[in-house]
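Because the structure is predicted, anything quoted here is derived from the model rather than measured.
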Amino acid sequence: GRQQPKSEMIQVIGKDMRFSSIKTIIPFKESDGENLKVLRYDSYTRNFYEEPFFVDKIDKTVTISSYSEGIFVVVEK
């Protein structure tokens, strides 16, 4: 089936800086927190990649610690 977006698209970029990891917290909507995944769009490769994350079902957020910049979105499988 088709994946449904459950968050806004969040862009994380860094100009003239280096980082070891970026922690990003994204609220999700219209989901019970089950069957979610986080995708990162890489504008250089023009592909989406799955990112590891933690779900907080009470606050309805996902927390991502990524080593790459890009555009992040929460989707439901």
Side-chain angles (χ1 to χ4, degrees):
R2 191 164 170 209
Q3 298 172 352
Q4 297 295 319
K6 297 296 175 183
S7 74
E8 300 296 321
M9 297 184 110
I10 306 295
Q11 185 172 20
V12 176
I13 57 173
K15 296 228 183 234
D16 300 322
M17 60 189 298
R18 291 187 184 142
F19 51 84
S20 59
S21 176
I22 298 172
K23 180 180 174 182
T24 307
I25 300 172
I26 302 175
F28 60 85
K29 58 190 174 195
E30 300 171 5
S31 174
D32 60 5
E34 298 288 331
N35 301 314
L36 296 179
K37 66 180 173 179
V38 174
L39 301 177
R40 176 181 58 86
Y41 179 74
D42 186 315
S43 60
Y44 296 110
T45 63
R46 296 187 179 188
N47 283 309
F48 282 95
Y49 300 95
E50 274 194 61
E51 291 285 331
F53 65 96
F54 297 100
V55 176
D56 183 332
K57 292 180 183 177
I58 295 169
D59 289 336
K60 292 192 165 244
T61 61
V62 297
T63 301
I64 308 134
S65 290
S66 179
Y67 299 97
S68 303
E69 59 184 41
I71 298 172
F72 296 83
V73 64
V74 180
V75 296
E76 197 162 55
K77 300 181 223 180

A.B. asks: Is Phe48 reachable from Val75 through a run of hydrophobic residues whose side-chain heavy atoms are each under 4.5 Å from the next?
C.D. replies: yes
A.B. asks: I need the minimum non-hydrogen distance between Phe53 and Leu36, along with the two atoms involved.
C.D. replies: CZ-O, 3.3 Å
A.B. asks: Can you tell me how far the NZ atom of Lys6 sits from the CD atom of Gln4, to the nearest 0.5 Å?
C.D. replies: 6.0 Å
A.B. asks: Within a 6.0 Å radius of atom CZ on Phe54, are there more than 12 heavy atoms belonging to other residues, nucleotides or ligands?
C.D. replies: no
A.B. asks: Carefully, step by step, assess Lys29 and Glu8 under the rule salt bridge (charged side-chain N to carboxylate O under 4.0 Å, His left out).
C.D. replies: CA-CA 9 Å; Lys29 58 190 174 195; Glu8 300 296 321; 3.2 Å; yes
A.B. asks: Checking the side chain of Asp59 only, and the main-chain atoms of Thr61 only, is there a donor and an acceptor separated by less than 3.5 Å?
C.D. replies: no
A.B. asks: Are Asn47 and Asp42 side-chain neighbours, meaning at least one heavy-atom pair lies under 4.5 Å?
C.D. replies: no
A.B. asks: Does the side chain of Arg46 come within less than 4.5 Å of Tyr41's, by heavy atoms?
C.D. replies: yes
A.B. asks: Got a second to check how far Met9's CE is from Ile71's CD1, nearest 0.5 Å?
C.D. replies: 6.0 Å
A.B. asks: Determine whether Lys37 and Glu76 satisfy the following criterion, salt bridge (charged side-chain N to carboxylate O under 4.0 Å, His left out), listing intermediate values before the conclusion.
C.D. replies: CA-CA 6 Å; Lys37 66 180 173 179; Glu76 197 162 55; over 6 Å; no
A.B. asks: Given side chains that start at C-beta, do those of Glu51 and Ser66 come closer than 4.5 Å, heavy atoms only?
C.D. replies: yes
A.B. asks: Check Ser7, Pro5, Ser31 against Val74 for a side-chain contact (heavy atoms from CB on, under 4.5 Å) and give me the one that passes.
C.D. replies: Ser7
A.B. asks: Looking only at non-hydrogen atoms, find the nearest pair between Glu69 and Val12 and report the distance.
C.D. replies: CB-O, 3.0 Å
A.B. asks: Rounded to the nearest 0.5 Å, how far does CZ of Phe72 lie from OG1 of Thr24?
C.D. replies: 5.5 Å
A.B. asks: Is it true that Arg40 and Glu50 have a side-chain N and a carboxylate O under 4.0 angstrom from each other?
C.D. replies: no
A.B. asks: Is there a side-chain contact between Tyr49 and Leu39 in this structure, where contact means two heavy atoms from C-beta onward sitting under 4.5 Å apart?
C.D. replies: no
A.B. asks: Side-chain contact, heavy-atom cut-off 4.5 Å: Ile26 with Ile64?
C.D. replies: yes
A.B. asks: Where is the tightest heavy-atom contact between Thr63 and Lys23, given as atom of each residue plus distance?
C.D. replies: CG2-CE, 3.7 Å
